[in-house]
Each structure stands twice: as structure tokens, then as C-alpha cells.
Colleague: 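The following block contains the structure, expressed as C-alpha cells.
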Amino acid sequence: MFAIEARKLGYRVHTFSPESDTPTGQVADIETTANYDDLDAVRKFARSVDVITFEFENVPSRTVEAASESTNVHPKGEILHTTQNRLREKIFLSTNGFPITPFRRIKLIDDLFRGLDEIGLPAILKTAGFGYDGKGQAKIKQRSDLDAAYAAMNGNDAVLEAFVDFEKEVSVVCARDQRGNFVHYGVIENDHANHVLDVSFAPAIVSETVFNEAVEIARNIAETLDYVGTLCIEFFLTRDEKLLVNELAPRPHNSGHLTFDACITSQFEQQVRAVCGLPLGSTEFYRPAAMANLLGDLWQSGEPDWAAALADPHVKLHLYGKAEAKPGRKMGHLTAMAETAERAADLVREARTRLSGVSAEVAR
Ligand code: AMP
């Protein structure tokens, strides 16, 4: 999606990935396939481009350092280093005074005993690195869950978090350019299923106070990080209207996919503009919008019925071109606009139901 937006603006795209025929590779001018630890290949790639950005944060620091020797990298390597590890990210957030749920670093099982005494039950144990969409997470409801949760971390560094009994989850997708200008897409409301984002809609149904506070937190985080590019801040909104930062995504985010079609400038075009040193575009919404994710599970009994989903002319289909549809894998999404965000959410949900051949009426 980034590459398509870059091409629209007249840029040529060169992508680097350990895999071949990737979604970006399919639309890029050049696709380099090499491992991240092949630093010669990384340096050669870096010398061939004017600027580098990322589609996900788990690129090793050494790789980013090697790339930075000969070209501009946005967002900068330190930001990736901070955000690719839950512990470093939480330490960054708490030392800078951003609101988060209480947490403890867990290395040994004794840390877990002590951490639970301090934080209380229920709690969630998460691996510090390489965790997303609920992967590498274990909920601890009672003390008897402790051994299994600890074993699930496989000896890796972990973070124990107090469980948040949230009212809803929201996010702010924003962008900051090389001169420090900041834009945002307001507050987006996110429904998860099995820890994975399911449906997003905007504007979120939140008070003006919550809206302003969420945007201010996002602006301050982007400034503190000296961020360049598109950034997403995921929040829990507690039942007493308090915002807690759950996670940062240093890139365009799944919840921002609804900015396609619905906004003057999509989150991906914004990323292109920011990293290429162009002014940021307007984030104005034409209408309220929603997005429903399409997971690999939808392919279980064959190719989904795309025509049925698109029977509603207001629904748009985005497929990423991933080779294999595995259960839980994000393969694409549907978007729609309507007079209200809730109506838009209904439209994408109904369209998704039609994909598996069940009529929306029956499904309801
Ligand atoms: P994460 O990968 O940390 O974003 O977690 C995925 C999802 O799990 C979140 O979007 C929440 O729905 C849920 N979750 C994660 N951490 C917590 C928590 N501390 N309290 C309640 N729910 C959580």
C-alpha cells in the first residue's frame, strides 16, 4: 500500500525482504531478497536508494545501523529499537510521563511471584520482543495459572501488565514531517476478536475531552521521539474515561486503513510525504468510515465470494497479495463510508458475512 502511494507520486520503489514475491515486491520496481543479517546486501540496497522506511518494526538494530551509513532512514533506528520491545517501549512511555497500565519486568519466576503481589490479579504476561496480535501472551487469572504462563515465555524476557478492564480500545493515527509539523486522523475506535483487530471505525464514539486528550498524547509522543513518518498510538479507554497507552506502532497501522478513500490523504501517502521531505497532506474525512479485516480463516472452504461482498457498491475491497491464506493471517480488508461511523461498520461487517456465502440477514 505504501509502494502504490509512492508510485502515484512518481517515486520508484526498491524493497528489501527475507522473502520473495512479497505484497510490496509485487508492485515495487526492484525486489531484493536477502536476510536482515546479510549486512553486505543491506549496505548495497541502502546505497541504491534515497530514503528507507519500514513496514514493520521488527527489523534488527544492526540492519538499520548498516542501512543508515549511506542513506536517510525514517523513522530513525532508535525509534525502531524502542518500539520493537515491549519493555523498552513501556520504560520510554513511563519515564516520559505517558499514562500506561502498571507493569513489571520478568526474567525469573521469582520476579513473577513478586510482580503479581505488587500488580494484583488478573494480569497479562507478554514476551518483551516479537509479540503482536496477542502472540506470546498469557492471561493470569489466578495464582495457579502462573507456572503455565511462565513456561509459555520459553525463558525469554517478559513484561507483566495489570489487566485493564477497558470500556473500549481506540487509536490515534498521526504523522509528523521532517520540520516537526504534526497531523492526525482523530480518534479511531477498534473492536478486537481473539486479540486481533477485527473492525475499526472513525470517528470513535468518545467525548470531546477524551478526543483532545488522545490527540495531545499522540502529539507529545511523536515530538518526544522526534518522529518522522506515520505513527499509531493504541489506547485502552477505561470505564472511568481514562486513556492508557497500550502500544506504539512506528508505521502505518491496520486501524488507519480506513483512511483510504475516506480521507483526502491516506496514512500511506502521508508516510511517503513525511519520509520524502514533502509537506503533509490534509487528513480531512469526506465521510465517517469503517474497515473490517479479512483473515485467512475466510479461505477455509475455498476462495471467498468477492462479488457477493461487493454487491453493495459502497464497499471497497483491498487484498494484499499474500501467497498463502493461513488462519489468523491478515489477507486484506474491506472499507466503507456512510452517514455515521456505526452504519459504516455495519456495512463492512455485512459485506464480510456475504463472503462466506451466508446472507447477512441469516447471520444476524
Ligand atoms: P497487544 O498485542 O499487546 O496489543 O494485545 C492485543 C490485544 O489484547 C489488545 O488489543 C487487547 O484487546 C488485549 N490486551 C492486551 N493487553 C491487555 C491488558 N493489559 N488488559 C486488557 N486487555 C489487554
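Throughout, residue positions are numbered sequentially from 1 according to the sequence presented. When a ligand or atom number is given, it counts from 1 through the structure's own listing order.
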Colleague: Taking the six-membered ring for Trp, are Phe268 and Phe260 parallel (under 30°), tilted (30 to 60°) or perpendicular (over 60°)?
Modeller: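 Phe268 vs Phe260 ring planes: parallel.
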
Colleague: Centres of the Tyr320 and His333 rings: under 6.0 Å?
Modeller: yes

Colleague: Taking 4.0 angstrom as the limit and counting only heavy atoms of Lys126, give me the atoms of ligand 1 inside it, by number and element.
Modeller: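 Reading through ligand 1 atom by atom, the close ones are 3 (O), 15 (C), 16 (N).
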
Colleague: Looking at Glu324 and Arg329, is there a salt bridge between them, counting it only when a charged N and a carboxylate O are closer than 4.0 Å?
Modeller: no

Colleague: Looking only at side-chain N and O atoms, does Ser255 offer a donor or acceptor that is under 3.5 Å from a partner on Ser171?
Modeller: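 There is such a pair between these side chains.
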
Colleague: For Phe236, is at least one N or O under 3.5 Å away from an N or O on ligand 1?
Modeller: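 By distance alone, the answer is no.
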
Colleague: Please list, in number order, the atoms of ligand 1 under 4.0 Å from a heavy atom of Glu169.
Modeller: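 Answer, ordered by atom number: 9 (C), 10 (O), 11 (C), 12 (O).
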
Colleague: Taking distance alone, with no angle check, do Val164 and ligand 1 share an N/O pair under 3.5 Å?
Modeller: yes

Colleague: Could you tell me which atoms of ligand 1, counted from 1 in the order shown, lie closer than 4.0 angstrom to a heavy atom of Ala162?
Modeller: 19 (N)

Colleague: For the pair His14 and Phe45, name the ring-plane relationship: parallel under 30°, tilted 30 to 60°, perpendicular over 60°.
Modeller: perpendicular

Colleague: Using a 4.0 Å heavy-atom cut-off, which part of Leu197 comes near ligand 1: side chain, backbone, both, or neither?
Modeller: neither

Colleague: Of the choices His195, Gln137, Glu161, which has the non-hydrogen atom that lies closest to atom 1 (P) of ligand 1?
Modeller: Gln137

Colleague: Does the N or O separation between His192 and ligand 1 drop below 3.5 Å for any pair?
Modeller: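 N/O-N/O distance under 3.5 Å: yes.
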
Colleague: Can the ring centres of Phe166 and Phe235 be said to be less than 6.0 Å apart?
Modeller: no

